[in-house]
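Quick notes on the structure that follows.
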Amino acid sequence: MQATSQKSFTIQGSSKTKTAIEKFMTVVFFVCGITAVAAVIGITVYMIIAGSPAIAKVGPLEFLFGSEWLPTATEPKFGILYFILTSIVGTLLAIVVGVPVSLLTAIFLSELAPPALYKVVRPAVELLAGIPSVIYGIIGAQLLVPLMSAFETAIFKDDPGHTFTGGANLLSAVLVLAVMILPTIVNVSETALRAVPREYKEASLALGASHIQTIFKVMLGAARSGIVTSIVLGIGRAIGEAMAIIMVAGNVANLPLPFNSVRFLTTAIVSDMSYAAAGLHRESLFGIGLVLFVFIMVINFFVNILLKGGSKKEKG
Amino acid sequence: MSEQKSAATILGRRPRVSDRVLKALIFLSAGITVLLLAGILIYILVRGFPNLSWEFLSTAPSTLKKRFGILPSIINTLYMIVITLVISTPIGVGAAIYLTEYAKQGRFIRLIEFTIETLAGIPSIIYGLFGAIFFGTLLQLGYSILSGAFTLTIMVLPLIIRTTEEALKTVPASYREGALGMGATKWYMIRTVILPSSLPGIITAVILSIGRIVGESAALLYTAGSVTNLPANWLTHPASSGATLTVQMYFAVSEGRYIEQGFGIALVLMVIVLLINGLTKVLAGRAGSKAKG
Amino acid sequence: GCASTPAAASSEAASSEAVSSEAVSSEAASSAAASSEAASSVDASSSEAASSEAVSSEAASSAAASSKAASSAAASSKAVSSVAASSKAAADVAAKGTGLTGKVTLTGSTSMQELMEAFIEDYKTVEPGVTVECQFVGSGPGITAVTEGKVDIGNASRALKTTESSTLKAHVVAIDGIAIALNPANKVSDLTLGQIASIYKGEVKNWKDVGGADAAIVVIGRDSASGTREAFESIVNVKDKCKYSQELTSTGAVQTAVASNANAIGYISLNAVNSKVKACKVGGAEATDANIIKGTYALSRPFVMATNSTKTLSAPAQAFLDYAMGAKGQAVVKSIGLISKK
Amino acid sequence: MGARPSFDSELETLNIELIRMAGLAEQAIRNSIAALTNRDKAMAVNVAEHDREIDEMEKTIETRCLKLLLRQQPVARDLRQISTALKMITDIERIGDQAADIAEILMNLKNDEPAKIARHIPEMARVASEMVYDSVTAFTNNDLEAAKAVIARDDVVDDLFCKVRSDLVELIGTTPNKIDEAIDVMMIAKYLERIGDHAVNICEWVEFYETGEYKNTKLL
Amino acid sequence: MGARPSFDSELETLNIELIRMAGLAEQAIRNSIAALTNRDKAMAVNVAEHDREIDEMEKTIETRCLKLLLRQQPVARDLRQISTALKMITDIERIGDQAADIAEILMNLKNDEPAKIARHIPEMARVASEMVYDSVTAFTNNDLEAAKAVIARDDVVDDLFCKVRSDLVELIGTTPNKIDEAIDVMMIAKYLERIGDHAVNICEWVEFYETGEYKNTKLL
Amino acid sequence: MSSISVKNLELYYGDNHALKSVSIEIEENKITALIGPSGCGKSTFLKTLNRMNDLVDGVKITGEVLIDGENLYDKRVDVTLLRKKIGMVFQKPNPFPMSIYDNVAYGPRIHGIKSKRQLDEIVKNSLIGAALYDEVKDRLHKSALSLSGGQQQRLCIARAMAVEPQVILMDEPTSALDPISTMKIEELMLTLKEKYTIVIVTHNMQQAARISDYTAFFLVGEMVEFGETEAIFSLPKDKRTEDYITGRFG
Amino acid sequence: MSSISVKNLELYYGDNHALKSVSIEIEENKITALIGPSGCGKSTFLKTLNRMNDLVDGVKITGEVLIDGENLYDKRVDVTLLRKKIGMVFQKPNPFPMSIYDNVAYGPRIHGIKSKRQLDEIVKNSLIGAALYDEVKDRLHKSALSLSGGQQQRLCIARAMAVEPQVILMDEPTSALDPISTMKIEELMLTLKEKYTIVIVTHNMQQAARISDYTAFFLVGEMVEFGETEAIFSLPKDKRTEDYITGRFG
Ligand SMILES: Nc1ncnc2c1ncn2[C@@H]1O[C@H](COP(=O)(O)OP(=O)(O)OP(=O)(O)O)[C@@H](O)[C@H]1O
Ligand SMILES: Nc1ncnc2c1ncn2[C@@H]1O[C@H](COP(=O)(O)OP(=O)(O)OP(=O)(O)O)[C@@H](O)[C@H]1O
Ligand SMILES: [Mg+2]
Ligand SMILES: [Mg+2]
Ligand SMILES: O=P([O-])([O-])[O-]
């Protein structure tokens, strides 16, 4: 066939151009890698550099556990405890509200939906996952807040101590967040459920389990890693969200009670950033950013442990 | 063991209570979701549609004439998408290739991947602040589409890297072995086998990025700014400030002056997202089917 | 009212025909002014209805009349104008005509967004060679940016603080009344400054205590660093004592919130008041420009365009500032419902 | 067929070798009898030598069969073919041995005219060699009827053996000095009778090959 | 071991059956000779009947071997064991046949004292039956040395056969009326000699089983 | 412990006529092997026996499948009960991603057994029955995925046994295993048939010959030959069967 | 067309001593089979022959592998050329997701052949050599993934042949295939050995016995026995070999 290889040839020596291209591409990819890593490291370092001075100046304890946020007062106070609590509670509640509905919907889509319905609903879910969060904010402000206001008025009619929020409160924020994370969780966990090996389903059915039993006893477990990922993505989206909830949360530094106006870590940054003059006020916003960064890191860390621990349990 | 008796015959259906309850819950949830989805979509449609007009789509906004147009933001959005992708796709894909194909798998890689994952969850406002300082101030780009695109590049890089990495990891090891076993060099293998078969994944990454670019507001407020001018010079336009659709919508709505028009933009954005999603499927499907048959 | 807008003809963002025709005339500033004047004489709506050709030919002829240019030049200008000249050519000629090119950067108050957009739009007809870019990120960052020299002008919807005054020079371009916004359904329509203070401090929690219905008051304010809030709190003397139900990030948000809640009270720019909310009288004085100028209506604040006093402004920036403070600028101020300081 | 060409060609070779081996055995019988009738000692020696060849072939075929069993996991007809071959070669080898034994007897024979003593011997030899030939032909032709015919013919050989025996008893009675020769002839007859038996054995294996039954019992 | 218990137990059964079959054959020889020496016709009949049992066992073992080949894809020692068994049973069956033939001769024997005629026959029978016993024992014990010893002992049988032959030649010379009996005894001797040969064959297969070599040629 | 009688079974996947008038009697306490080239319908047939084909869209089945006289395709049949009675083991070992114990206890739990003592016993007995107990008794609560392929397959057999089926269907249960594990499973099947009726699909002719009592040969949806395994493998009646089992197909 | 001589090869995966002083002479134009229980190091050994182990992190290799006298692990060795000389076929058929033609042309293209005519010829000849040409000649430009498993594996063999290697390494090339495809591949190997030196890893003892000339038995990283296949399968010297090939291991 080839003229070149009539004779047995040596395996030593090599073509120069080939090696050159190979080396060049290695360098190219290395540079890409380095660039990406540099960007990643850069922003991490930036977060730390920009965020730590304020924390240092205010004092970490005061900053993290102070409950008063009075950045422009003559004697300014920079305590972000309420923001932290709100972020935690708000995200948790959104997860608690959103996850079951999302999961059950994912189950519906992957296992029970008639194909015709599936063909409509699935693209709709994908569409909602791609819609800018600002839109959720507007709809929340336009639709949900007035409803919530009516609700609030009805509940606290006779409670003189209550500070009326006009519907912009933790509950509204939680509901908006829950709706926002819904498409993400449905999408990812539906995919995960579909990826469950057919064998599991067959094995379970062959043992005489009903379809529903199979779903809840085997498939959910087998899709666990994907489902956890979807929830993590949901948490990520919820905890990092600002533009949507800033329109519905009321933005007052308060304890995260359902009918309180509340301010999240993210909304604290966004709302103050517009007005904060240079100085400690502005720096403290970066401090909040750093706290948020650490937050997400910690969540990711534990989720990784959870996932890895889980898969380790599966493997050994 | 038990149930010896019931095993005697296979006849007779016994509906299971727990099954029914669970099934009802599933249908309920699905119903809620579907209603919510439909509600949101219809709401946007109903409030947005009346605002749509040729003028709305084809003119710049004018305060003096109280006219609301979104052409500049459409153009700015396109600029933003193109510039961001042109920079981020090669770097992101290259980095993903480096991480999966070249770098020694170890603690360092895992650390980088962890950091990348963390960054993917960072609120975009933080990227905005970083971008404003790094690109705006340090690199003297000020408020400009370029500055915004660079910021978005950093923002979507983790997304592209992770998605591409996943796509690369799903390329069967057997392809690599096959190619290397033939005497292919690494780059040749990547070029001829790995990249083509992970193309659907890469396309997905790119399109997810487009989604993020289109939907982004916070990161752009402090970098690309809020100007809605038609480009005076197509070449130098990226150096000037420009609001994307989402940013324009944010301003329209947050200042309360153009809420209805905001819904108009929302509707436009929805259509764009729909197109993007459709495009993803077509492209990824085509790439996939090209690979398969 | 948009009818009174001057220079409405230029709303097509330097509509190429008009610009090119005026640019042909070699007399820079005056001829440009003349042509824009000529254009402004046409009613805004009709100018829009009229074909651009009509506008441009009129502009051309007026340019020809006011200049000593040869008729051949006029003819050629007509030729140019009839051929839809590219905006690039227009820009070139414009640059030749005015001698002013460059970029002016502004940043700052979101409350001043409408004003700035109107300025910029209008200024394009005045000085087409100059690009003006304004960001709306808030008074704070505006002041910071101009202090750091990052922008030519910083916008603030409040008076400069003494610390800031040392490096910055304030140009009060307009006065913005602060309206106490109530839901139109609210029975209350007049509050004293004291009552307002009590409400915001949380001492009065029910509308019936100030003559309204028996309903809890929803106290809406702005975020802690808003210029509007700064001005409001210092005038009403409730600084750092407010018990807000909501702290919203923009005027629009406050307006929306009040519009959608019958028991809400908020403060917004006077010019933002529309049919969805009503502006409450303060101490019997109606929130009108006249009352503000008279001083009977207490709640107002300045819109400041601050420049860095340690740096000399670039020519285009100076020109833009001059325009804003000048007659044409002030006309725009009035046209969008703000109070001209003059 | 055709999916296992290498296996098929091995089986073909096996068949060819079997035919060759059987041919050698048949030849040996005929040669030994020819040696007897023609008093050709050289030919007798030749028969003895050919026996070594048959022994070698037995080993070759044995090896081939075992290797096929080892490698090809034969089932059904293939397995029967190989196991039949394994069994048949024992008989063919014995046939060769017996021909050689006959030849050996001839070589040591003192008397000059054994032919007269054993008038039935050539007939026996003819029938026996024909039976051998026919049995192997039946195998290669998958001819069950032919095999049965061979089995039936064994009676002829047995009858002839009885005749030889009584001839001899008679002969010794009359000429006792020919005892030695008589016993030798008796042995030759016995060998030929055994050859007939072996041919029957081969046919019984052919039957097995065709039907799976050996002596009316299903083996597989 | 132990990973294929069902296969192992099948192989074990095969061994047991082989021993049993060989035992039957050995018994048949001894019985037939006892019948000869004791003039016990009943016992002779018994031997002929037992031969049928041996034939049955041959088929049983044959079947077992073929099934094992079919099912278990034996290799190495397993394959040798099974093919050895397949080969051995042919010899054992022949031994049984020969014992039966001896018994048959006895049943037809007219003379009363063949014992005297054939003084070496019991000795031959003893050696032959011992050889049969030893050969199978060598197989089951995997005892190559024992097998070789058996092969060596065949010379004893062959010598005895020669002795019987010359005795007979002598006898007929002196008492020609005993020709018939003499020929019968001659046949018995020949059968015993063949039994010795078969024992040798068995041992040669034992050798193959142990070494893979058959008559000094590597088969597998 | 049950015999199955299939009469004129026809199965269509849409237009694809996958089983053509198959009739077969599967005997109690015997191993019946299904052999045939790829795509001939072995798995399809096997799945009709516990109605796993119900999961496939567009399947059409006619004919009768009687188990102990009851028709599987009767409308009143509770598929759950049916599948409890007829267990199944698949080609690839498919233990659930849970502990060994939970895998085996899965079936009994599904069928309502809750008592820990009872479950313990079932798990133990099933594992003993599947010849796995000794190997795993110290790590019952470790993940089943940590077992080797052969152990996983035996676990799947134990899991199937735990619901006390009467019939066990196996679809190429050893084709993913190495020879040593295969041997172990085969040995196991031979002991299992004392308690269960076993139907096995296999590509391995020797395996069918080795362990099965009856063999059915399928070809493009038809059952060409059915009979005692020994007969099939020594003297098949049909030329196609012979060609297939001697490896001369096609 | 090349002989390989392995001397005292030691291989560590980190701390795992996967190959222990393996020495072996692989003859030209012969098929050498590697057998042994799972995890004994067969694949590892095979991969040392074309340095596919280079891809694994933390591998340490000592000893010599000489091919036609040149040491594979010499620093000057160009792995590309080496792998051109020593082709490899894997357990699972792994055609690239491209057309049949492109699959076969992949190797030649790597090695610089661009002429369409030349490529056409190579593709055709390789496919003929792999006994696949007739089955695919009408759809050379269809995706390779549309072929059946057996065809895919033959395609992989054709692909390996297209670069005109001298040695072909095969790692359980038929273990994922049905018996009929397996037979075809085995027959193919028998014809291939006239042109190539073949080394094959297999779990199937009969396959090793059937097609190989030499067999090496591995056990936990050691080469226990190496010799002519017939000798190994009839009279192995080592008890462990015998136990393994007779299925009595463990
Ligand atoms: N779910 C299905 N939908 C449509 N056709 C199917 C389906 N399952 C199998 N078939 C078709 O039915 C026929 C029989 O398939 P089946 O899986 O029963 O074959 P098999 O004998 O088990 O083959 P293998 O040995 O490869 O497992 C094939 O032509 C196959 O393509
Ligand atoms: N990439 C690797 N990294 C670390 N250890 C490995 C790697 N590949 C194989 N091993 C280990 O080396 C030993 C030999 O593995 P190898 O794959 O060569 O076995 P094998 O004989 O091919 O087994 P199988 O028959 O299952 O394919 C095993 O203990 C295995 O766990
Ligand atoms: Mg199947
Ligand atoms: Mg391997
Ligand atoms: O946006 P402000 O005008 O309130 O600073």
Side-chain angles (χ1 to χ4, degrees), chain E residues 1-16 18 64-88 138-145 147-148 203-220, chain G residues 31-40 42 172 174-175 177-180 182-183 186 200-220 223-250:
Chain E
M1 308 226 174
R4 296 176 79 177
S6 55
F7 184 26
D8 286 339
S9 81
E10 284 261 13
L11 287 178
E12 190 52 41
T13 310
L14 177 62
N15 258 355
I16 290 168
L18 271 176
R64 185 173 307 282
C65 290
L66 290 176
K67 279 189 186 160
L68 286 174
L69 286 177
L70 181 70
R71 294 176 161 186
Q72 305 290 357
Q73 313 157 46
V75 297
R77 177 170 288 269
D78 296 338
L79 176 59
R80 289 203 310 281
Q81 182 176 351
I82 292 167
S83 49
T84 298
L86 261 182
K87 287 296 190 171
M88 273 170 55
F139 175 64
T140 54
N141 292 351
N142 303 339
D143 188 343
L144 192 56
E145 291 315 307
K148 283 184 178 158
C203 287
E204 279 167 350
W205 283 111
V206 171
E207 216 174 306
F208 165 73
Y209 175 46
E210 291 300 325
T211 64
E213 284 185 20
Y214 178 67
K215 296 184 192 166
N216 299 320
T217 308
K218 194 135 211 103
L219 289 191
L220 254 184
Chain G
I31 300 182
T32 302
L34 312 178
I35 62 171
S38 205
C40 67
K42 305 180 296 293
E172 303 188 32
T174 63
S175 72
L177 304 181
D178 61 291
I180 293 151
T182 300
M183 285 296 163
E186 285 184 9
I200 174 176
V201 168
T202 180
H203 261 145
N204 182 330
M205 239 70 74
Q206 270 67 28
Q207 181 169 78
R210 211 154 36 225
I211 58 166
S212 72
D213 301 294
Y214 295 92
T215 298
F217 172 60
F218 283 75
L219 200 60
V220 283
M223 199 195 65
V224 171
E225 194 167 347
F226 173 61
E228 290 196 10
T229 299
E230 268 152 29
I232 297 270
F233 279 95
S234 52
L235 207 69
K237 295 198 189 67
D238 198 292
K239 178 82 171 60
R240 293 168 291 174
T241 314
E242 174 140 30
D243 281 353
Y244 180 72
I245 61 172
T246 58
R248 285 189 185 73
F249 200 88

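The chains referred to below are lettered A, B, ... by the order of the sequence lines, with proteins before strands, and numbering in each begins at 1. Bear in mind that the values here come from a model prediction, so they are computed numbers and not experimental data.
Taking the side chain as every heavy atom from C-beta outward, G:Thr32 and G:Phe226 approach each other to under 4.5 Å.
Highest contact tally toward chain G, considering only E:Thr211, E:Val75, E:Leu79, is held by E:Val75 [criterion: heavy-atom pairs under 4.5 Å].
For the side chain to side chain contact (heavy atoms under 4.5 Å, CB included) with G:Ile35, the qualifying choice from G:Leu219, G:Ile200, G:Thr202, G:Thr241 is G:Thr202, the only one to do so.
Interface residue E:Arg80: only side-chain heavy atoms are found under 4.5 Å from chain G. Interface remark: E:Glu210 contributes backbone atoms only to the contact with chain G (heavy atom separation under 4.5 Å).
A side-chain donor from one of G:Thr174 and G:Gln207 sits under 3.5 Å from a side-chain acceptor of the other.
Here E:Tyr209 pairs with E:Phe139 under the ring pair (Phe, Tyr, Trp, His ring centres under 6.0 Å) rule; sequence neighbours left out.
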